[in-house]
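Here the structure is a predicted model, which is why all the values come from computation and not from measurement. In listed order, ligands and their atoms are each counted from 1.
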Amino acid sequence: ISGTGPLGSGVTLVLWITALIMILGSLYFTYGSVSGRVAKRQFYAISAIITLIAATVYALMAGGYGTLLQQPGGHLVFFGRYIDWTFTTPLLLLDLALLALARNFPNRAGVIGSILVADVYMILTGFVASLIRTEFRWVFFAASCAGFLAVLYFVLTKLMPQASLRGRFIDGHYRRLTTILVVLWILYPVVWALGKEGFGVIPTLAETVCYAVLDVCAKVGFGLVLVSNRDALEDVDREI
Ligand code: RET
């Protein structure tokens, strides 16, 4: 890939800072995954992978290789983001599924698979929307939103009742994490619509800052909250 070369200095700085935060997060979660309590290890490990992927892609974008210029009249497409999201959003949903679904839940793989398919559909149609210059992009934006609604449907109506059955610690923890996830994830299409790929009412720097803050909260913040609840994670291990 040739990339578009250096971006504005403000944008580049924000991308490097975010890459650094992701690296620190990844080191922290990796450490926890080998030294922490057994019940927590799988969740530390998933968070470590999520932040490592993000660190890699942020470094790529900061170097000017994670963007392409859409011609003619072009806007910058930060395609790196979609690579990141294709892998990290399924892993975040896997966290919720591992919390909610007991190992002996019938059709566990089917439910998890359905959520992941809806999620990847959301990201890939969103990517296509970002490549299209004409108004037709909103058709793909709408398709992506439909995928997002399907994800929310699974999280709220399929996983939530199962989490409730697993005792009050898991139930409470699942609800807290789901609230954080829903609030943060809804903001992504909002930033997209406001940014260059959508209506173009906010400049690239503002868009970069918004996504950086969202990504740090949705990956590092979410991961920290996830591993902070010992009672709930021990119940996951105890197969309640
Ligand atoms: C797009 C644009 C099209 C419409 C929709 C979108 C949703 C994106 C989401 C992304 C979440 C990313 C996370 C990343 C980090 O950990 C693709 C922006 C609905 C929900 C959580």
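- With ligand atoms numbered from 1 in the order given, ligand 1 contributes 14 (C), 15 (C) to contacts under 4.0 Å with heavy atoms of D215.
- Summary of contacts: the protein heavy atom closest to atom 6 (C) of ligand 1 is S144 OG, 3.7 Å.
- Partners of D119 according to the salt bridge (charged side-chain N to carboxylate O under 4.0 Å, His left out) rule, which considers only residues two or more places apart in sequence or in another chain, do not exist here.
- Taking CG of L181 as the start and OG1 of T179 as the end, the distance is 9.5 Å to the nearest 0.5 Å.
- Short contacts between ligand 1 and M122, defined as distances under 4.0 Å to a heavy atom of the residue, involve ligand atoms 9 (C), 20 (C).
- Residues Y211 and W85 place their aromatic rings such that the two centres sit under 6.0 Å apart.
- Within the cation-pi definition used here (under 6.0 Å to the ring centroid, within 45° of the axis), R81 qualifies as a partner of F78.
- Atoms of ligand 1 found under 4.0 Å from any heavy atom of L92, numbered from 1 in the order shown, are 16 (O).
- Which parts of ligand 1 touch T89 is read off a 4.0 Å heavy-atom cut-off, strictly below it: atoms 11 (C), 12 (C), 13 (C), 14 (C), 21 (C).
- Contacts of D84 with ligand 1, taken as heavy-atom pairs under 4.0 Å, are absent altogether.
- Between D84 and K219 a salt bridge is recorded (basic side-chain N to carboxylate O distance below 4.0 Å).
- Atom 21 (C) of ligand 1 has W185 NE1, 3.1 Å as its closest protein atom, hydrogens excluded (heavy atom only).
- Heavy-atom neighbours of F87 CZ from other residues, nucleotides or ligands within 6.0 Å: at or below the threshold of 12.
- For atom 8 (C) of ligand 1, the nearest protein heavy atom (residue, atom name, distance) is Y188 CB, 3.7 Å.
- Residue contact check: K219 has heavy atoms under 4.0 Å from atoms 14 (C), 15 (C), 16 (O) of ligand 1.
- Nearest heavy-atom pair, F222 versus I180, reported as atom, atom and distance to 0.1 Å: CD1-CG2, 4.3 Å.
- Considering only non-hydrogen protein atoms, atom 7 (C) of ligand 1 sits nearest to P189 CD, 3.9 Å.
- Test W192, Y188, F127 against Y82 for ring pair (Phe, Tyr, Trp, His ring centres under 6.0 Å) and you get one pass: F127.
- Here the shortest heavy-atom distance to atom 2 (C) of ligand 1, taken over W138, F148, F127, W192, belongs to W192.
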